[in-house]
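Sequence lines set the chain letters: A, B, ... in the order given, protein chains first and strands last, and positions in each chain run from 1.
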Amino acid sequence: MLINLEQIIKYFFQIFLINTAITIIVAIPVLIPSLAFPILITEWPGIYIIIGFFSLIICGILGFCGWAITYFLILKIYKVEFTNRNLVFAQIVLCESGILLTAIFMYWGGYVGASAAHAGMAEFVIGEIMEFAVVPSGLGIGLQIAGNLIGLINVFSTIKK
Amino acid sequence: MLDSIYFLILIQPYLYISLVIILIGFVYYILIERKNEVPYSILWSIFLTLFGLVFFYLLNQLEIQTFREDLEPWKDLSLIIILFGTMFSGIIMPLNIKSLRKK
């Protein structure tokens, strides 16, 4: 089953815009003084907030922008107009769900852990508190890897045509 | 690689069925699917089963390394993914062979 590359570029561009909006929403809590983000980021598990936020920027915004440009270049340079529909949709679903899972749980886990560290809790207690976010974050990273691999396979198979 | 497979079979002996079906699926892909046009590709189900197996393996490693006891729902989820992928492979292969014979 084939799909037009121009349509795919539109999809990737739309998801790029949606992810930009999500990133803006995720950044808003930094401006709320009662949530104490600037203080919590300096505590040890606060780095996970930054990792979650940057995964959204790097994979969600730059990644989807990059894929849109890649498919655009395939269209322009190789003059191929169609690509495999199943592979592209699998790539979009896996990448987007992976990005959101990673970003949400890293951000959430980091915030909860940093709050606990700021309250003076012991390291092993903080680890216990943050445990809920470990598996979903890992699953999200796995989904992103799988999605990007499928994207690469699709790019090579499209160029080969 | 073999150590990981041995580890998985030790933890969940029924997983050898999924591993055998993955091997059969690859043979089927090379011998039949690559040479003919089929409605459903076996590669999707192989991908699903492999994803579930890697997920299950990593969860068990996490459990061993951190002594966590709350991973059962995640392990069940990974086993459901493996089961779904294996069943999908088991259904797709005869269906495709049947449709090819009809042609």
Can you tell me how far CG of A/Leu139 sits from CZ of B/Phe51, rounded to the nearest 0.5 angstrom? 5.0 Å

Is there a continuous path of hydrophobic side-chain contacts, each under 4.5 Å between heavy atoms, that joins B/Leu15 to B/Leu23? no

Does a sphere of radius 6.0 Å around OH in B/Tyr16 hold more than 12 heavy atoms from other residues, nucleotides or ligands, not counting ones at 6.0 Å or beyond? no

Measuring from atom CG of A/Asn86 to atom CG of B/Leu43, what distance do you get when rounded to the nearest 0.5 angstrom? 11.5 Å

Linking I/L/V/M/F/W/Y whenever their side-chain heavy atoms sit closer than 4.5 Å, directly or via other members, would B/Ile81 and A/Val93 fall into one cluster? no

Residue B/Leu62 versus chain A: region with a heavy atom under 4.5 Å: side chain

Report which part of A/Leu94 has an atom under 4.5 Å of a heavy atom belonging to chain B: side chain, backbone, both, or neither. side chain

Does atom CH2 of B/Trp44 have more than 12 heavy-atom neighbours, drawn from other residues, nucleotides or ligands, at distances under 6.0 Å? yes

Tell me whether A/Phe72 at atom CZ has more than 12 heavy atoms from other residues, nucleotides or ligands lying less than 6.0 Å away. no

Within a strict 4.5 Å, meaning less than it, do heavy atoms of the A/Leu143 and B/Phe55 side chains meet? no

Report yes if the side chains of B/Arg68 and A/Val134 come closer than 4.5 Å at any heavy-atom pair, otherwise no. yes

Within a 6.0 Å radius of atom CD on A/Glu6, are there more than 12 heavy atoms belonging to other residues, nucleotides or ligands? no

Give, for atom CD of A/Glu128 and atom OG1 of B/Thr66, the distance between the pair rounded to the nearest 0.5 Å. 9.5 Å

